[in-house]
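Since the structure comes first, as structure tokens, the remarks are kept for the end.
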Amino acid sequence: MRISNLRARLGDFTLDIDTVTMQEHRIHALIGSNGCGKSTIAKIIMGILPYQQGEIDFEGLKPHDIILASQKPYMLHDTVWENIVYPLKVRKQPICEQEADTYLKEFGILEKKFEYARQLSSGQQQKVSLIRTLIAKPKFIIIDESLSNLDIESMSTAKNMLRRLHEEYGATFVLISHQVASIADMVNEYHFFDQGRHILSCDLAGLKQSSHEKIKYYMQLQSLR
């Protein structure tokens, strides 16, 4: 996916991107301080928010190839099971109950399978949202802060799920986070934003070595060795 000369004005906020390329089959991260535009980019890619100028080259990706797991997941007025299989039904993909059960068991919520999803805790709903996102095996997956909202054990489980999907199906991941340390063991390329502007795309070493004042300050705040 390639974003070029994109300008989007949303109230008092302006997103300004010259060029950002997210190469397929890699794990990318959109990083920066709160309010820098990370989630806005995700919503523009998904068609949720408009933009006034520029181009997004999806490079053959169709709308059903892209899924967003939002920071605040929306649960259907139904059971956990129906929430999980919803994207499969929409895409008319086969439903493998055993696979769904495996995801639920890994996250320790198999016993919640037929419970009303909106009655789960926020952390459990986040797990259901991630399972719902991954089970459809989309080609391009955006995960907006979902991992950082999990406890340490659940985050480890989620990372293993992501790695498995990435290795088996070559999915492209875009992780949105303000904490580099929580995703540093997974990401191939980081895209740093500040106040709506794209500053730099590089690997972790590039972030650590950058002389840009905003990036230097940002990295000083990260718990990285």
Member of Arg164, Lys159, Lys127 meeting the salt bridge (charged side-chain N to carboxylate O under 4.0 Å, His left out) criterion with Glu106: Arg164
If you measure from [atom1] on [X] to [atom2] on [Y], what distance do you get to the nearest 0.5 Å?
X	Y	atom1	atom2	value
Arg118	Thr79	CZ	OG1	13.0 Å
Ser182	Ile152	OG	CD1	11.0 Å
Gln71	Ile143	CD	CD1	13.0 Å
His77	Asn83	NE2	CG	10.0 Å
Met75	Glu82	CE	CD	13.0 Å
Leu165	Thr133	CG	OG1	10.5 Å

Is any side-chain heavy atom of [X] closer than 4.5 Å to a side-chain heavy atom of [Y]?
X	Y	value
Asp144	Lys38	no
Ser177	Glu145	yes
Ile3	Ile44	no
Arg91	Ile67	yes
Asp78	Tyr86	no
Ile41	Val20	no
Lys62	Phe140	no
Ile131	Leu104	yes

side-chain contact (heavy atoms from CB on, under 4.5 Å) evaluation trace for His166 with Ile141: CA-CA 10 Å; His166 181 252; Ile141 302 169; over 6 Å; no
Extract all donor-acceptor atom pairs below 3.5 Å that involve side chains of residues 209-217 and protein atoms in other chains or at least two apart in sequence.
from	atom 1	to	atom 2	distance (Å)
Ser210	OG	His212	N	3.1
His212	ND1	Lys214	N	3.1

Lys113, NZ: over 12 other non-hydrogen atoms inside 6.0 angstrom: yes
Neighbour count >12 (heavy atoms, 6.0 Å) for atom NZ, Lys137: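 It does: Lys137 NZ has more than 12 such atoms within range.
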Nearest heavy-atom neighbours spanning [X] and [Y]:
X	Y	value
Gln179	Tyr218	N-OH, 4.2 Å
Pro87	Arg132	CG-O, 3.4 Å
Gln93	Ala136	NE2-O, 3.1 Å
Ile142	Ala42	CG2-CB, 3.9 Å
Leu134	Pro138	O-CD, 4.3 Å
Glu115	Glu111	OE2-O, 3.8 Å

Going only through I, L, V, M, F, W and Y residues with side-chain contacts under 4.5 Å, is there a path from [X] to [Y]?
X	Y	answer
Leu76	Leu130	no
Phe107	Leu110	yes
Tyr169	Leu162	yes
Ile135	Val90	no
Ile84	Phe114	yes

From Ile31, Ile17, Asp16, residue fulfilling side chain to side chain contact (heavy atoms under 4.5 Å, CB included) relative to Phe193: Ile17
Under 3.5 Å donor-acceptor, Thr157 side chain and Glu153 backbone: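 Yes, the answer is positive, given that a donor and an acceptor are paired below the 3.5 Å cut-off.
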Gln126 side chain vs Ser121 backbone, donor-acceptor pair below 3.5 Å: no
Lys/Arg N to Asp/Glu carboxylate O, Arg7 vs Asp18, below 4.0 Å: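 Result for this pair is yes, salt bridge flagged.
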Which side-chain N or O atoms in residues 21-28 pair as donor and acceptor under 3.5 Å with protein atoms at least two apart or in another chain?
from	atom 1	to	atom 2	distance (Å)
Thr21	OG1	Arg2	NH1	3.0
His25	ND1	Gly170	O	2.6
His28	ND1	His191	NE2	3.0
His28	NE2	Gln23	N	3.2
His28	NE2	Gln23	O	2.8

Less than 3.5 Å apart, which donor and acceptor atoms pair up between the side chains of residues 45-58 and the rest of the protein, not counting sequence neighbours?
from	atom 1	to	atom 2	distance (Å)
Gln52	OE1	Arg9	N	2.6
Asp57	OD1	Glu59	N	2.9

Steps toward side-chain contact (heavy atoms from CB on, under 4.5 Å) verdict (Ile95, Trp81): CA-CA 11 Å; Ile95 297 173; Trp81 169 252; 3.8 Å; yes
